[in-house]
Amino acid sequence: MKIERLIGILSILLQKDMVTAPFLAEHFEVSRRTINRDIEDLCKAGIPIATRQGTGGGIYIMDNYKISKTLVTNAEMQDILAGIRSLDSVNGTNQYKQLMEKLEAGSSDFLVGEQSVLIDLSSWYKESLAPKIQIIRSAIKGCRKITFYYYGPSGESRRTIEPYYLVFQWSNWYVWGWCDTRKDYRLFKLNRLDELAMTEYVFEKRPSVLPDFTSVENVFPGGIHVKALFEADCKWRLVEEFGTHCFEEQADGKLLFQTEYTDKENLITWLLTFRNKVILLEPEEIRKELCAELQKTLQQYK
């Protein structure tokens with residue numbers, strides 16, 4: 001895209017004393033005439049670009065502008081590139097690679113091992129996830145409604161929403177938008193939706209409302225206060241999933257765990273993964289349901 005090429009050219013000029021038009025043409029895989037037009041556009045935008053003819057000549061930014069040569073620090077650039085690279089990891093494409101090269105402006109530091117941050121957002125569902133992300137991004141850009149079949153804890157349903165944001169949170173991808181069924185903003189996990197399609201219906205954007213992730217109850221209402229007693233060898237899982245302050249170590253080494261949970265079915269399923277390493281203390285009603293589920297399982301195996 002032209003805007004990406006202009007950003008790339010400007011980045012190169014800010015980091016190099018002088019470059020030639022053939023160099024830029026080869027770097028961005030366009031003609032010299034296209035590069036000349038791009039330079040004119042940058043000049044019109046107020047960038048003081050000059051050219052020098054003859055041997056040793058080329059294109060450069062005038063000296064009185066070089067005080068702003070470093071738009072970002074090296075560390076900031078590495079973070080930017082790490083973020084851009086992470087998008088390739090989930091999209092399953094290399095469409096951001098060229099943009100990375102433009103931003104690097106010939107510097108190979110980031111690619112040869114100087115980077116300190118690597119982000120990989122891919123998952124086991126990469127093949128099915130990437131097309132969903134592409135459809136949703138296109139719908140957000142064009143203000144087009146999307147429709148899909150959704151598998152939720154309360155059942156299955158066909159939903160139509162106005163998509164506003166793609167969200168990566170809690171190690172999963174979600175789409176945040178206005179749900180026609182609920183008449184409110186909702187968050188939908190991409191792995192739970194099927195038959196995703198972009199419709200012909202164009203919507204007018206509502207006032208921007210961002211999902212509030214500072215507290216999970218703001219997104220998934222219906223908090224359940226959980227109190228359970230875990231065996232000591234479960235500590236690593238509790239720390240990994242809830243942090244080091246989610247339990248109190250008892251005199252006998254067991255772990256008194258307390259947290260807020262948002263979904264009863266998920267809670268029961270999660271507790272069962274610990275088998276006989278945990279005893280649910282509260283809430284009492286879910287404790288009874290858990291006992292009933294265990295009885296049913298026992299009957300099946302009899």
Side-chain angles (χ1 to χ4, degrees), residues 79-93 95-96 99-100 117-199 201-224 240-243 259-263 265-267 269-270:
D79 288 344
I80 291 171
L81 295 177
I84 293 173
R85 174 176 284 180
S86 72
L87 295 176
D88 272 342
S89 71
V90 68
N91 282 344
T93 67
Q95 61 181 308
Y96 293 92
L99 178 56
M100 287 173 62
V117 178
L118 294 175
I119 305 171
D120 191 330
L121 302 180
S122 59
S123 71
W124 294 108
Y125 308 96
K126 187 173 182 177
E127 290 186 3
S128 62
L129 194 60
K132 292 177 182 178
I133 289 177
Q134 291 296 331
I135 291 173
I136 294 171
R137 289 190 67 187
S138 297
I140 293 173
K141 183 178 180 180
C143 294
R144 301 264 292 277
K145 289 188 178 184
I146 58 174
T147 180
F148 51 83
Y149 198 71
Y150 195 67
Y151 298 84
S154 58
E156 306 165 17
S157 59
R158 168 70 62 178
R159 298 294 184 96
T160 299
I161 72 167
E162 302 170 4
Y164 286 92
Y165 297 100
L166 270 168
V167 180
F168 184 79
Q169 185 78 6
W170 308 301
S171 302
N172 286 289
W173 282 95
Y174 300 81
V175 57
W176 171 263
W178 177 270
C179 177
D180 285 357
T181 303
R182 302 301 183 194
K183 304 301 180 186
D184 197 1
Y185 290 96
R186 287 290 187 272
L187 196 66
F188 299 93
K189 184 182 287 188
L190 265 57
N191 285 339
R192 288 184 185 172
L193 57 86
D194 193 19
E195 301 177 16
L196 173 65
M198 182 168 58
T199 73
Y201 296 102
V202 178
F203 63 88
E204 184 176 345
K205 284 190 175 182
R206 302 171 188 269
S208 180
V209 176
L210 292 170
D212 182 3
F213 296 115
T214 56
S215 175
V216 70
E217 288 80 11
N218 292 328
V219 181
F220 300 109
I224 303 169
E240 177 182 326
E241 298 179 34
F242 292 92
T259 192
E260 296 294 323
Y261 224 84
T262 60
D263 184 88
E265 297 302 323
N266 285 343
L267 171 60
T269 301
W270 178 70

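Remember, predicted model here, so these are calculated numbers, not experimental data.
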Subject >> Result of checking Leu196, Thr160, Leu193 against Thr147 for side chain to side chain contact (heavy atoms under 4.5 Å, CB included) >> reply: Thr160
**OP:** Using the side chain to side chain contact (heavy atoms under 4.5 Å, CB included) rule, pick out the option among Ile135, Leu129, Ile136 that qualifies with Ile133.
**Re:** Leu129
Which heavy atom in [X] sits nearest to a heavy atom in [Y], and how many Å separate them?
X: Gly177; Y: Ile161; value: CA-CD1, 4.4 Å
X: Leu187; Y: Tyr150; value: O-OH, 4.5 Å
X: Pro163; Y: Val175; value: CB-CG2, 4.1 Å

**OP:** Applying side chain to side chain contact (heavy atoms under 4.5 Å, CB included), run through Trp173 and Lys132 and close with a yes or a no.
**Re:** CA-CA 10 Å; Trp173 282 95; Lys132 292 177 182 178; over 6 Å; no
Original post:
For the side chain of Tyr165 and the backbone of Ile140, is there at least one donor-acceptor N/O pair under 3.5 Å apart?
Top reply: no
Original post:
Is the CZ atom of Phe242 crowded by more than 12 outside heavy atoms at less than 6.0 Å?
Top reply: yes
**OP:** Can you establish whether the number of heavy atoms outside Arg158 located under 6.0 Å from its atom CZ is more than 12?
**Re:** yes
Atom pair [atom1]/[atom2] of [X] and [Y] - distance to nearest 0.5 Å:
X: Asp180; Y: Arg159; atom1: CG; atom2: CZ; value: 10.5 Å
X: Tyr151; Y: Glu156; atom1: OH; atom2: CD; value: 5.5 Å
X: Asp184; Y: Arg182; atom1: CG; atom2: CZ; value: 10.5 Å

Hey, does [Y] have a side-chain heavy atom less than 4.5 Å from the side chain of [X]?
X: Asn172; Y: Leu190; answer: no
X: Thr181; Y: Arg186; answer: no
X: Lys183; Y: Trp178; answer: yes

Subject >> Residue pair Tyr164, Phe203: steps toward the side chain to side chain contact (heavy atoms under 4.5 Å, CB included) verdict >> reply: CA-CA 11 Å; Tyr164 286 92; Phe203 63 88; 3.8 Å; yes
**OP:** Could you please spell out the steps behind the side chain to side chain contact (heavy atoms under 4.5 Å, CB included) verdict for Phe148 and Glu195?
**Re:** CA-CA 5 Å; Phe148 51 83; Glu195 301 177 16; 5.8 Å; no
